[in-house]
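Comments concern the structure below.
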Amino acid sequence: MSFGRVALGWLAVAAWFLLADRLTGRLRGETATPAWVPPAEAAFFTLFATLWLASLGGGTPWLVFPLLALVADTAPRLRSAEERRKPARVAVRAAVAAIRFVVAGLLLGWIT
């Protein structure tokens with residue numbers, strides 16, 4: 001896998017994460033995160049996902065990426081006492097995070 005393809009994959013995932021962040025922030029009525037956060041998150045995700053897709057789980061983003069979303073996004077929410085009082089809200093956010101990561105994994109699988 002060439003660096004150019006990984007960089008192109010990172011750009012696609014960064015664009016997807018920025019778009020998803022803006023859309024979900026508007027739906028929740030929250031202010032969006034700083035513009036540098038989704039591309040940074042996309043860089044970490046891209047490095048992990050290319051390693052996964054190139055070696056261990058070629059072509060299976062729907063298996064590992066929802067679990068990665070649960071660890072990366074939902075676990076910190078479950079540590080918050082305020083979030084634990086609203087389990088339905090945590091479940092919806094977990095589903096959105098899983099969809100967000102699966103789409104990103106599919107983008108990377110398609111590009112790389």
Side-chain angles (χ1 to χ4, degrees):
M1 187 173 317
S2 71
F3 177 74
R5 291 173 74 184
V6 172
L8 184 62
W10 170 74
L11 286 173
V13 171
W16 164 244
F17 280 0
L18 280 167
L19 177 66
D21 184 60
R22 299 298 183 246
L23 290 174
T24 57
R26 285 186 186 154
L27 290 174
R28 291 188 308 254
E30 298 175 355
T31 58
T33 58
W36 63 269
V37 172
E41 183 182 20
F44 297 132
F45 181 84
T46 300
L47 292 173
F48 175 80
T50 53
L51 177 64
W52 174 263
L53 293 171
S55 61
L56 299 172
T60 58
W62 56 86
L63 295 175
V64 74
F65 298 138
L67 295 174
L68 182 62
L70 291 174
V71 170
D73 192 71
T74 307
R77 294 185 194 285
L78 293 175
R79 290 188 184 105
S80 164
E82 179 183 338
E83 294 283 337
R84 279 196 308 265
R85 284 186 232 126
K86 301 173 185 174
R89 183 175 170 181
V90 172
V92 168
R93 287 188 175 185
V96 168
I99 291 168
R100 186 172 162 255
F101 275 46
V102 168
V103 169
L106 290 172
L107 277 171
L108 282 172
W110 179 64
I111 291 172
T112 59

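What you see below is based on every heavy atom in this structure, not just the backbone, and it leaves out hydrogens, waters and symmetry mates. Note that the structure is predicted; figures quoted are calculated from it, not measured.
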Point to revise | Cluster check Leu108, Leu19: I/L/V/M/F/W/Y, side chain < 4.5 angstrom | key: yes

Check your understanding: Hydrophobic cluster mates of Phe44, side-chain heavy atoms under 4.5 angstrom, ILVMFWY only, any path?
Key -> none

Study note, to complete from the structure: CZ of Phe101 to CG of Leu67, rounded to nearest 0.5 Å, is 11.5 Å

Exercise for review: Measure the CZ-CH2 distance between Phe65 and Trp52 for me, rounded to the nearest 0.5 Å.
Suggested key: 8.0 Å

Show me the donor-acceptor pairs, under 3.5 Å and distance only, between side chains in residues 11-18 and residues at least two apart or in other chains.
from, atom 1, to, atom 2, distance (Å)
Trp16, NE1, Arg100, O, 3.0

Check your understanding: Should Thr50 and Trp10 count as side-chain neighbours, where that means a heavy-atom distance under 4.5 Å?
Key -> no

Practice item. Any pair with a residue in residues 102-112 that passes salt bridge (charged side-chain N to carboxylate O under 4.0 Å, His left out), sequence neighbours left out, goes on the list, sorted by first then second residue, please. Key: none

**Study point:** Distance, nearest 0.5 Å, that separates OG1 of Thr24 from CD1 of Ile99
**Key:** 11.0 Å

Exercise for review: Please check if Val103 and Ile111 belong to a single hydrophobic cluster, counting links between Ile, Leu, Val, Met, Phe, Trp and Tyr side chain heavy atoms closer than 4.5 Å.
Suggested key: no

